[in-house]
There are 2 protein chains.
Amino acid sequence: MDDHLRTGRSEGTVGKALDALDLVCAQDRPVRFSELLPLSPWPKGTLYRLLQTLVKQGMLHVEPETGSYTPGLRLVQLAHSAWRKSSLAPIARPHLDALSGKVGETIHLAQLDRGQVLYVEKRNARHPLPMFSEAGKVGPGYCTGVGKAMLAHLPDRERCAALQLQAFHPHTAQTITSAEELEIELAKVREEGIAFDREEHEPGIVCVAAPILSPTGRVLGGLSVTTSTARRPLEDLATLAPLLRETAEMIAEDAADWQFPG
Amino acid sequence: MDDHLRTGRSEGTVGKALDALDLVCAQDRPVRFSELLPLSPWPKGTLYRLLQTLVKQGMLHVEPETGSYTPGLRLVQLAHSAWRKSSLAPIARPHLDALSGKVGETIHLAQLDRGQVLYVEKRNARHPLPMFSEAGKVGPGYCTGVGKAMLAHLPDRERCAALQLQAFHPHTAQTITSAEELEIELAKVREEGIAFDREEHEPGIVCVAAPILSPTGRVLGGLSVTTSTARRPLEDLATLAPLLRETAEMIAEDAADWQFPG
DNA sequence: AAACGTATGTCCAACTATTGAAACAATAGC
DNA sequence: GCTATTGTTTCAATAGTTGGACATACGTTT
């Protein structure tokens, strides 16, 4: 849970303002100034001004009656643009639907953000109408299927940098807890072209994951099918590997076409 | 088209950085530094540093091979949070589906952002699977149905401020082109509880719109049904008013429950 | 009703980051 | 190989930021 803390003190005013924005957005309800203050690393005056700036800029909104802060509409506007242009979600949607229909298990589409896994799209096992709002969570890279699938295919320099950012917290007995061990695992993942989460993040939860690679070999994202050992043993899940790889490739192709429509 | 220009020069570094972010996001493809420079009000060095800061912060991303800028994943992450918590879209979804089924015309859900209309959700007349990505556009407030519906119910002070921000560009012969005329129109809208767009924005396009008001009377958003005069005369569309108002009320109720789930 | 506490907003001199013209480096084009 | 274009760095002048201390608003207690 405490895996994906932000880098700490950001340099410059812009960095601070964005951290303050993160702080407000990380809360899952409107928050008052006094609630934010102890959560922030800044003195009162500074936080006050930061929030005021963000409000003036439309990135935050204050409920007039309660004085609580929520994300602003300018952010919502940027949201659409960012989601449409920088996430694989809109491209992958039809492929996820198809895959979902075939496997009937929970599916995740993720992208790598500074060593962490950002889930950009999800299909639940049951519900046929999954929504944007279900995605958006961030998870650890070192102990999830998609995380390992993506990390494995990063160029050496970037992979090294990404491994530095891992928390290596032992969530379960299976969790990989050092960069060295992880490198060995990643080599295997690279070789097989598929990654497994063998209850490394949550007990009883397993998954198969494939990387989504651009034609030039760049990591675009990751795709995974998750289930519980109670429902399906890992060996069974492993049989989905070819289908997963195939879907990942189709998404990659569509992504390549997509980049320059003009 | 040139209706919704941002305020111009924003004060402070944060303001500039956010404007730069807007600038990149406004482009509908990855953009190079040299393309952005003429679009920005800043000298080369400044823009360069702003972009670099945003990249370092994860709000922007540079394609390694082309050096083009796109929205970054940190923004995508904030996006989810903002969309889920500050837009009516997730709450309104089921109601829009229901309304869409009943009327079979294009439906818009919008919110007011500094006098402008931000479309946060949309249902097309034909396609049964409308997506998040179709929303996110910004339109003028003074000559759209949702715009007038929302403006009409703003408290005096805010309404005045909002009217100052209107461009009053005469898109068609029907467009209202002054704050005075608009105030008269808004009074009528307030009285009737419904607003019409009588080809004020685009020739041949008409719509009925209802405001979405909180229990305390605050403007939360607007809801509209749009069609073309070729398909349906305005009088016919007007018969949908009760249904629209009803849907708007249901959304408002759900929104009220939503605010504090804890 | 006055005194208190808490939450929020404001001020300003010391301090730092930001600015942008101009010089420099790296590419792409010819 | 030379020139034009695009991208990157530098540095003194400038402008914005900092945060402790002070002020105000509001609800609560004595």
Side-chain angles (χ1 to χ4, degrees), chain A residues 7-24 27 29-72 157 216 259-260 262, chain B residues 6-24 27 29-72 155 157-158 161 216 259-260 262:
Chain A
T7 42
R9 54 213 81 274
S10 289
E11 309 259 306
T13 325
V14 178
K16 284 176 202 167
L18 294 177
D19 283 350
L21 191 58
D22 272 350
L23 190 62
V24 174
Q27 263 36 53
R29 61 192 176 81
V31 270
R32 295 251 184 87
F33 178 79
S34 51
E35 299 179 73
L36 291 170
L37 187 53
L39 296 173
S40 87
W42 308 292
K44 197 163 59 166
T46 302
L47 178 62
Y48 182 75
R49 243 173 319 98
L50 286 174
L51 293 174
Q52 216 172 234
T53 304
L54 289 169
V55 169
K56 205 182 303 171
Q57 295 295 332
M59 300 295 281
L60 287 181
H61 180 246
V62 279
E63 306 273 334
E65 32 247 24
T66 65
S68 310
Y69 294 87
T70 54
R157 288 187 62 85
T216 61
Q259 308 285 28
F260 294 100
Chain B
R6 281 269 161 213
T7 42
R9 52 214 80 274
S10 289
E11 310 258 305
T13 327
V14 177
K16 284 176 202 165
L18 293 177
D19 283 350
L21 192 58
D22 271 350
L23 190 61
V24 174
Q27 264 33 54
R29 63 194 174 80
V31 271
R32 295 243 189 86
F33 176 79
S34 53
E35 299 179 74
L36 291 170
L37 187 53
L39 296 174
S40 86
W42 309 292
K44 198 159 60 163
T46 302
L47 178 63
Y48 181 75
R49 246 171 316 98
L50 285 174
L51 293 174
Q52 216 172 235
T53 304
L54 289 168
V55 169
K56 205 181 304 172
Q57 294 295 332
M59 300 295 281
L60 287 181
H61 179 246
V62 279
E63 305 274 334
E65 32 247 22
T66 65
S68 310
Y69 295 87
T70 53
R157 288 187 62 85
E158 286 181 45
T216 62
Q259 309 286 29
F260 295 98

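FYI, side chains are in, hydrogens and waters are out, and symmetry mates aren't considered; it's all heavy atoms of this structure. Convention: sequence-line order gives letters A, B, ...; per-chain numbering from 1.
Checked against D:dT18, C:dT10, C:dA21, the side chain of A:Gln52 finds its nearest nucleotide in C:dT10. Comparing C:dG9, D:dT18, D:dG7 by their closest approach to the side chain of A:Tyr48 singles out C:dG9. Of the candidates C:dA17, D:dT8, C:dG20, C:dA17 carries the atom nearest the A:Thr13 side chain, counting heavy atoms from C-beta on. You'll find that the side chain of B:Pro43 is closest to C:dA21, out of C:dA21, D:dT8, C:dT8. Residue B:Lys44 has its side chain nearest to D:dT8 when only D:dT8, C:dT18, C:dG9 are considered.
Straight-line distance from the CZ atom of A:Arg32 to the C1' atom of D:dA25: 14 Å, rounded to whole Å. Rounded to whole Å, atom C1' of D:dG7 lies 16 Å from atom CG of B:Leu50. For the pair B:Lys16 NZ and C:dT19 C1', the computed distance is 7 Å after rounding to whole Å. Across the protein-nucleic acid pair, B:Leu36 atom CG and D:dT5 atom C1' stand 16 Å apart, rounded to whole Å. Atom CD of A:Gln57 is separated from atom P of D:dG16 by 13 Å (rounded to the nearest Å). Atom P of nucleotide D:dG16 and atom NZ of A:Lys56 are separated by 11 Å, given to the nearest angstrom. A:Leu51 has its CG atom 13 Å from the P atom of C:dT10, to the nearest Å. The interatomic distance linking B:Leu37 (CG) with C:dA21 (P) rounds to 11 Å, in whole Å.
Side-chain contact check for B:Asp19 versus B:Trp42: some heavy-atom pair is nearer than 4.5 Å. Looking at heavy atoms from C-beta onward, A:Arg29 lies in side-chain contact with A:Glu35 at the 4.5 angstrom threshold.
At distances below 3.5 Å, at least one donor-acceptor pair connects side-chain atoms of A:Arg32 with backbone N or O atoms of A:Thr66. A donor-acceptor contact shorter than 3.5 Å links the side chain of A:Thr53 to the backbone of A:Arg49.
Between the side chain of B:Arg49 and the base of C:dG20, at least one donor-acceptor pair of N or O atoms lies under 3.5 Å.
Between A:Tyr69 and A:Val14, the residue anchored nearer the 5' end of DNA chain C, judged by the nucleotide with its closest heavy atom, is A:Tyr69.
For B:Ser34, a side-chain nitrogen or oxygen approaches OP1 or OP2 of D:dG7 to under 4.0 Å.
The two residues B:Leu47 and B:Ser40 make their nearest non-hydrogen contact at CD2-OG, 3.8 Å.
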